[in-house]
> 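Quick one: the structure is below, questions incoming.
Atoms within a ligand are numbered from 1 in the order they appear, just like the ligands themselves. Heavy atoms only: backbone and side chains are in, while hydrogens, waters and symmetry mates are out. Sequence positions, counted from 1, serve as the residue numbers for this chain.
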Amino acid sequence: MKIDLSVEAGGVRMASPLLMASGTFGFGREMDAFYDLSILGGICSKGLTVAPRLGNDPPRAAETASGMLNSVGLQNPGIDAFLEHELPFMRQTGCKTIVNIAGYSVEDYVAMAEKLTDEAIDAIELNLSCPNVRTGCMLIGSDPLQLTEVIQAVRAVTDKPIWAKLTPNVTSISQMAVAAADAGADAVVLINTLMGMAVDWKTRRPILKNNTGGLSGPAIKPVALRMVSEVYQQVDIPIIGVGGILCAEDVLDFMVAGASAVQIGTANLISPCAAVKITHDLRQLLGKENLTRISTLTGTLQLWS
Ligand SMILES: Cc1cc2nc3c(=O)[nH]c(=O)nc-3n(C[C@H](O)[C@H](O)[C@H](O)COP(=O)(O)O)c2cc1C
């Protein structure tokens, strides 16, 4: 049976619903040695900032029950070096190029979006989890007004699809998703990592040098699924689901809950070929159920009344 894995999400048509999550796949270069990247829907670049960043001091990763904490701190070469050295590689992988940008002010996001708008990229993913340097430690993505301001300002300078990647570290994810849709985002990406901590009681020290880090992996899947399902009831723009996806069943859970496409993060760190196995298993699972088009599953979850 021929299985159609193609989907459309947030203004991007993709051969597969599988995107590689920002920060877990670099710019695809290291992974190119393992398999043909054209089987993927797309690659989300490592989060880029206006200037290069070395990131936080080590240790900056710690394993936890069913997951991991990271405090990489946006280590990246900066937007200009990305455009010169990494984008040409990403363009020839045969899958879609999603550029993830992280700013500490509205001006940061606008400056990067302006540079990207005439480039051959498929979408801009806004990582809205950074603290605003001007207003103190408040995350841009946990304040609906700042989130709106950033998305509107980026919308004003580019026609590229805008994907708003939301932080789950908020009281109401629906409020943020509605604000993102109203401000002109083409899709919401749910979720970034959950703030967490690991400690060593003997040394009385946090394990991460940054003290806290972002929790990812299977531990966060139930939280991410709940957020996808909740937001699906509230907004009309597509949702891209991410959080703890390890296998094909996980992908289908997210799609049924409301995701049009998904991202695979920590699974890439466990096995670089995770996406190859998931792609194969998706075809098998759908074939067994006589489902020929994966896109028909989106949002078919029937909640109990
Ligand atoms: C080591 C690491 C680095 C990450 N870096 C970024 C980043 O630069 N920008 C971003 O938006 N998300 C980043 N993330 C978050 C992931 O893209 C993803 O949203 C999160 O890990 C949840 O998915 P998962 O459980 O499948 O890993 C990073 C995650 C990890 C584990």
> Using a strict threshold of under 4.0 Å (side-chain N to carboxylate O), is an ion pair present between Arg13 and Asp122?
no

> Restricting to side-chain hydrogen bond (donor to acceptor under 3.5 Å, both in side chains), what partner residues turn up for Ser142, sequence neighbours left out?
none

> Salt bridge (charged side-chain N to carboxylate O under 4.0 Å, His left out) for Lys160 and Glu119? Distances and angles first, verdict last.
CA-CA 10 Å; Lys160 297 283 185 200; Glu119 299 287 344; over 6 Å; no

> Side chains of residues 281-292: which donor-acceptor pairs under 3.5 Å do they make with residues two or more places apart or in other chains?
unit_1	atom_1	unit_2	atom_2	d
Asp281	OD2	Lys277	NZ	2.7
Arg283	NH1	Ile3	O	3.0

> Any ion pair linking Asp80 and Lys115 (charged N to carboxylate O, less than 4.0 Å)?
yes

> I'd like the residue list for ligand 1, meaning every protein residue with a non-hydrogen atom under 4.0 Å from the ligand.
Ala21, Ser22, Gly23, Thr24, Lys46, Gly47, Asn70, Leu74, Asn100, Asn127, Lys165, Ile191, Asn192, Thr193, Ser216, Gly217, Ile220, Val242, Gly243, Gly244, Gly265, Thr266

> Could you work out, with ring-ring contact (aromatic ring centres under 6.0 Å, His included) as the rule, every residue matching Tyr232, not counting sequence neighbours?
none

